[in-house]
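Report on the following structure.
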Protein chains: 2
Amino acid sequence: METTSKNLNQSIIKAFTLLDAFTTEKKEWGVRELATKSGYNKSTTYRLLSTLVSLQVVQQNENEKYSLGSKLFELGNRVSLYQSLINATKIPIRDIAIHIQETVLFGVLKNNQVFYINKAESLQGLKISTSVGSYQPINATAIGKVLLAFSSHEKQQNTLKMMSFNSYTRKSITKKNEFITELEKTKNQGYALDLEEFELGLICVAIPIFNKNNKLIGSISASGPSSRFELKNVSNYISILKNGAQKINL
Amino acid sequence: METTSKNLNQSIIKAFTLLDAFTTEKKEWGVRELATKSGYNKSTTYRLLSTLVSLQVVQQNENEKYSLGSKLFELGNRVSLYQSLINATKIPIRDIAIHIQETVLFGVLKNNQVFYINKAESLQGLKISTSVGSYQPINATAIGKVLLAFSSHEKQQNTLKMMSFNSYTRKSITKKNEFITELEKTKNQGYALDLEEFELGLICVAIPIFNKNNKLIGSISASGPSSRFELKNVSNYISILKNGAQKINL
DNA sequence: CAAAGTGTTTCATTATATGAAACGGCGTTT
DNA sequence: AAACGCCGTTTCATATAATGAAACACTTTG
C-alpha cells in the first residue's frame, strides 16, 4: 500500500493521530471516547495507548483517563531548531514585555500559518490565550502579515496560493487582493497591525526579525486590549520592539 | 508476544527508540548511522524515518541528515501537567535569578531521578548546561536531596531502593547510609547543598516547594561557580529562594 | 577511475496488528 | 437488591502490515 508515493508505517500514523487529540482545550480522554474521536477500534486504541503509556509518551491518570506524558515534554525540549530560537529571544522579549507592559510573542511561518515559538507576559498585561507550539492564521494576525510581507517573492507566491483567508471577526481580511495590498503596506512601513482582525477587543503590532545575514528568522509582536493599546502609541511601541529586536542575535 | 504482561505495538516502540537517539549532544543522524545505533535494519530505519517525516515529528535537513521536528515541539508544549508547573514558576524563578544573579532551576522527581521542568538564567550568571526536559541523579544534586528528603516515607524507601549512587566527582555521595544521613540533615535544616558533588566548580542550594495543601510539588535551586557562590552567603540565598517560592501558587 | 559511503526502492517472506466478543468493575436507576 | 449502562481491559482467530536482503543511483574520497 502506498501513501505519498511510498509505504508509511500505519501504526505510527495511528499513534500520532491519537496524540493529536490531546489539546489545550481537551487534555484527557477515555479509551472509548478517543476511539470514537479517532475512528479506530477500541481494542486497537487501548493497545496503542498501552504502548504509549509504557514509553511515558502518555500517562494514565487516577480517574483512568489518559493525558500526554513526560516523554513528549522531554523530546519537545530537544527540538534544537526551536530551542535555539527560544534561547535567542527569551531575554529580549521578556524585557520588551516588562517595558511595554503587554504580552510579547515570537513566531515563524510553518504549514502556511503562524507557528508560535516563544511568549513573554507582563503582570499588568492582558492574558493572551495564544500558546507556544500553537498555530494561527496568516491573514488575521500582525505576525502573519509581517512574516509574509518580508518573505522572498517565491515563498510569498507559494504561501498566498496555499493559505486560508477565513473570517475571524468582521474586520478580518478575507480577499486575497486586499491582503496583497496589506502586505505591500506592511513592507513599506516596516511593521503590521492587527486591529481586532483575529479577536475582538485585541490589537497587535508586529515587526520582522532578521539574523546577521539579513535573513528573516521570525517576527515579534506586542498585543493588548483595544481599550489600552491606543493607536497614538503605536510608534512608541514600535520603537520599543525594534530596540528589543536588536538584542536578538542569531 | 508479550511484554510487561501485555502485547505492545512494536512499531511505536521502534519509532520512539529512534527519537530517543536525538539528544542535545547529537542533534542529527544519517539513516545508516541511526540504524547502527538502534540495531534496526537500514530499510526499516529508513521507512520509520519517512513516516516520522511525513508527520513532522522528524525533519530531513539539507545535508540529508535527520533531526527532531516541529510536531514534537508542538506536543511537548501541550503536556498540561508540566505547562501548569512552568506557568506557576516562570515569573518567580525569573525574579529570583535577577535578584541572586545566578541560574535558577525547578525540578521534580521522575524515574528515580531529578527531572528539570523550568530554568531561569541571569546575564551575569554562569551558563549552566542543565537543560529543561533532562534528567540528573538524586544523590549528587541539591534538588535531588531536597525532593527525596521531603517525600513521604514510602516514596523515600522505594526510591532509595531503585535509585543509583554513582560517582560524578570525588565529592559525590555514593554510599546509601551516608546519603540517608544527608537526607536527615536536609530535612532538619530545610534546604540542601551540592558542593561540587555533580560537577567540579559548581555549587547549588535548593529548597522544597509546596502547594496550598502542603503537598510537595517540586524543588528550586540556585547554582553558581564555587568562586562566587561563597558559603557565607548561603543563608542570604536561602532567604531569596524562600521569598520567591512564596509567589509560586498551585 | 575505483572504492566507499550514503539515501532510497523493491518484493517475497515473516511477523505483527486487528477487532468482535466477552469479561469484570463501578456508578446509576428502578 | 437487581438490572442496566458505561467504562477499561483481555482473548484469539484472522487479516494485514512490516521486514530485510539485495540492488540501485548518487556523492565523496583516495
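Just so it is clear, the model here is predicted, and its values are computed rather than measured. We name chains A, B, ... by the order of the sequence lines, and we start the count at 1 in each one.
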**Message:** Could you work out, with ring pair (Phe, Tyr, Trp, His ring centres under 6.0 Å) as the rule, every residue matching Tyr116(A), not counting sequence neighbours?
**Reply:** none
**Item:** With sequence neighbours excluded, residues passing ring pair (Phe, Tyr, Trp, His ring centres under 6.0 Å) with Phe106(A)
**Value:** none
**Request:** Return yes if a side-chain donor-acceptor contact under 3.5 Å exists between Asn61(A) and Ser67(A), otherwise no.
**Result:** yes
**Request:** Rounded to the nearest angstrom, tell me the gap between atom CG in Leu49(A) and atom P in dT9(D).
**Result:** 9 Å
**Asked** Just how far, in rounded Å, is C1' of dG7(C) from CD of Glu28(B)?
**Response** 15 Å
**Prompt:** Once each nucleotide of nucleotides 17-27 of chain C is scored for protein heavy atoms under 4.0 Å, what B/S/- sequence comes out, 5' to 3'?
**Reply:** SBBBBB-----
**Prompt:** In chain order, what residues pass the side-chain hydrogen bond (donor to acceptor under 3.5 Å, both in side chains) check against Asn213(B), with sequence neighbours excluded?
**Reply:** none
**Message:** Without decimals, in angstroms, what is the distance between Glu64(A) CD and dC6(D) P?
**Reply:** 17 Å
**Request:** Check the distance between dA17(D)'s C1' and Ile13(A)'s CD1 and give it to me in whole angstrom.
**Result:** 12 Å
**Message:** It should be established whether Tyr66(B) places a side-chain nitrogen or oxygen under 4.0 Å from OP1 or OP2 of nucleotide dT8(C).
**Reply:** yes
**side-chain hydrogen bond (donor to acceptor under 3.5 Å, both in side chains) involving Thr103(A) - partner list, sequence neighbours excluded** = none
**Message:** Suppose we screen for ring pair (Phe, Tyr, Trp, His ring centres under 6.0 Å). Which residues come up paired with Phe198(B), at least two apart in sequence or across chains?
**Reply:** Tyr168(B)
**Request:** Give Glu33(A) one of three labels, base, sugar-phosphate or nothing, depending on what nucleic acid heavy atoms sit under 4.0 Å from its own.
**Result:** nothing
**Phosphate contact (dG7(C) OP1 or OP2) by Tyr46(B) side-chain N/O below 4.0 Å** = no
